[in-house]
Amino acid sequence: METLIPKISTKKTNFFRSRKTRKFPLLPFKAKWQQNFDQQQAMETLITESTTTTQNPNLLSLLIDSFTKYKCDPTPSAYSFVIKTLTRNSQFDQIPLVLNRLEKVEKFDTPERFFINLIKLYGDGLNQIENAVDLFYRIPNFRCVPTVYSLNALLSVLCKSKQGLLMVNQVLLKSTEVMSIRLEESSFFIMITALCRIKKFGYAIELLHMMLAEYGYEPDYEMYSRIFMEVCERGDYDEVMGFLEEFRKVGFVLSGENYSDLIRVLVKNGKGKEGLDMLYRMKSDGMKPDVVCYTRVLEGVISSRDFEKAEELFDEMLVLGVEPNVYTFNVYINGLCKQNKIDEGFKMVEYMEKLDCKPDVVTYNTLIGAVCKVGEVKRGKEVLRMMGLKGIGGNVHTYRILIDGLIGKGELLEACGLFEEMSVKGFLPRSSSLDAVIARMCEQGLVGEALKVLNKIVERNVAPGEKTWEVLLCESKLDFNDATRNNFERLVGV
DNA sequence: CTAGGGTTAG
């Protein structure tokens with residue numbers, strides 16, 4: 001009988017012998033196969049046991065028992081299964097025990113994926129950042145060489161909370177110096193995104209520079225764009241323009257979305273002309289601005305009172321086939337009203353209807369505001385009535401615009417009527433409008449009327465402003481009834 | 001390939 005240990009190195013011929021003449025089976029192979037088979041059996045036992053036994057079984061014991069029964073070693077996937085099941089059963093307190101055994105007893109190399117999943121679980125699911133960091137440091141004890149993938153998983157977790165961000169520095173230091181993990185572009189992307197989210201653009205930009213200077217990584221468009229979007233989101237003009245310069249200096253072309261964000265910032269900062277320039281630039285970069293871009297720029301030129309440009313833009317849209325929508329029309333009508341071309345504004349409404357672009361409450365509020373401004377409050381009220389017929393209700397602004405118009409004309413009783421109407425519809429009047437009316441009414445000796453209105457409004461839990469109290473307290477001959485007094489006192493908290 | 005975003009008034 002030949003020995004069971006083949007002398008592979010010296011007797012190569014053993015391997016090339018035909019099946020029939022081979023004196024012994026390829027034992028190492030067979031053993032491996034046998035072990036796989038046993039492990040598979042053990043795994044199946046583990047799975048069935050864990051689902052059929054009582055609630056919250058001791059999974060670690062089950063794992064050990066199953067594999068002992070088949071006289072084989074547990075596998076990484078058995079451990080993954082246990083962790084997954086513990087997670088599903090919320091038996092988080094058992095995880096450390098499982099980890100301890102994996103670390104101290106098992107001999108196999110644990111796959112990195114195992115730790116990445118656990119880090120995510122600790123960080124995102126359990127909010128146990130400390131545990132995520134500890135596990136990351138412990139990875140080498142599990143016969144696993146941590147790479148940038150684990151580091152990135154940890155960084156993502158850390159970057160999600162303030163507490164975590166404070167630990168980033170220490171983690172970076174240790175992982176590069178002690179664990180010799182080299183940061184990759186993806187690591188920078190994670191950190192830059194996180195810094196943008198907490199509005200630390202200065203640090204984000206610093207990291208961008210560091211990537212290139214210290215690691216030789218060229219930041220890509222995505223990184224610049226990300227920072228740019230966030231900087232635009234905050235809307236600080238100087239900050240945006242500063243970063244825009246850098247964005248362009250490295251040679252990237254802005255996307256349509258970048259332009260749209262940029263134009264928004266310019267317009268919101270009163271730079272209508274610059275917004276218009278950006279629109280030109282966008283076109284010369286080969287992009288077709290969409291209706292939102294046009295509407296933003298239109299708003300910009302109108303608020304800088306460049307009405308000629310507004311006309312041009314509007315025409316250009318039509319020529320280029322960019323269909324104006326209700327936002328565009330509202331902005332445009334607002335421009336007409338600013339020029340006191342109120343009738344043209346009303347004409348636009350008809351035009352909109354013809355184009356099947358339904359005017360909305362904003363459209364009508366703009367026009368009502370315009371007619372009120374020139375003293376035609378009656379016409380404004382008529383518009384409100386007409387809106388109702390078209391099924392468009394006024395909102396709290398509609399009423400405020402009309403009421404302010406009426407107050408301006410001294411038509412106080414009528415203003416009171418609108419107060420009532422709006423509170424019936426569930427809109428709360430601003431206390432300052434209310435104050436103005438009450439004060440003026442008292443001045444004109446309409447104290448009784450004022451109280452009547454006030455009582456109705458106060459019933460709806462609207463507290464009048466200071467001025468009302470001032471005026472009413474000055475009126476010595478005031479004659480509160482009990483209900484009114486109670487309401488007042490409740491609202492003032494006397 | 002495309003959704004969303006963008007409007008009045010104080």
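Every chain is numbered from 1, with letters handed out A, B, ... down the list of sequences.
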I need the [atom1]-[atom2] distance between [X] and [N], as an integer number of Å.
X	N	atom1	atom2	answer
A:Glu257	B:dG4	CD	P	14 Å
A:Asp360	B:dT7	CG	C1'	8 Å
A:Ile407	B:dG10	CD1	P	13 Å
A:Met229	B:dG4	CE	P	16 Å
A:Asn365	B:dT7	CG	P	15 Å
A:Tyr332	B:dT8	OH	C1'	17 Å
A:Ile403	B:dG10	CD1	P	15 Å
A:Glu233	B:dG4	CD	P	17 Å

- Message: Base of B:dG10, side chain of A:Asp404 - is there a donor-acceptor contact under 3.5 Å?
- Response: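 No, the side chain and the base share no sub-3.5 Å donor-acceptor pair.
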
- Task: Give a yes or no on whether a donor-acceptor pair under 3.5 Å exists between the nucleobase atoms of B:dG6, that is its base, and the side chain of A:Asn325.
- Result: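 When only heavy-atom distances are counted, A:Asn325 does reach the base of B:dG6 through a donor-acceptor pair under 3.5 Å.
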
Which nucleotide, [options], lies nearest any side-chain atom of [X]?
X	options	value
A:Ser260	B:dT7, B:dG6, B:dG5	B:dG5
A:Val291	B:dG6, B:dG10, B:dT7	B:dG6
A:Thr295	B:dG5, B:dG6, B:dA9	B:dG6
A:Tyr327	B:dG5, B:dG6, B:dT8	B:dG6
A:Val362	B:dG5, B:dA9, B:dT7	B:dT7

- Under a 4.0 Å N-O cut-off, is there an ion pair linking A:Asp124 with A:Lys160?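 Yes, A:Asp124 and A:Lys160 are salt-bridged.
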
- Task: State plainly whether the residues A:Asp404 and A:Arg400 are in salt-bridge range, i.e. N to O under 4.0 Å.
- Result: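 A salt bridge links A:Asp404 with A:Arg400.
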
- Item | Pairs involving residues 192-212 of chain A, ordered by first then second residue, that meet side-chain hydrogen bond (donor to acceptor under 3.5 Å, both in side chains) (sequence neighbours left out) |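 side-chain hydrogen bond (donor to acceptor under 3.5 Å, both in side chains) check on residues 192-212 of chain A returns A:His209-A:Glu246.
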
Under 4.0 angstrom, heavy atoms only, what part of the nucleic acid is [X] near: base, sugar-phosphate, or nothing?
X	value
A:Lys268	sugar-phosphate
A:Val292	base
A:Asn334	sugar-phosphate

- Item | Aromatic centroids of A:Tyr224 and A:Phe243 separated by under 6.0 Å |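 Ring centres of A:Tyr224 and A:Phe243 closer than 6.0 Å.
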
Using atom types as modelled, flag every donor-acceptor pair under 3.5 Å from a side chain in residues 370-392 of chain A to any protein atom, sequence neighbours excluded.
from: A:Arg379; atom 1: NH2; to: A:Asp343; atom 2: OD1; distance (Å): 3.2
from: A:Lys381; atom 1: NZ; to: A:Glu414; atom 2: OE2; distance (Å): 3.1
from: A:Lys390; atom 1: NZ; to: A:Glu353; atom 2: OE2; distance (Å): 2.5

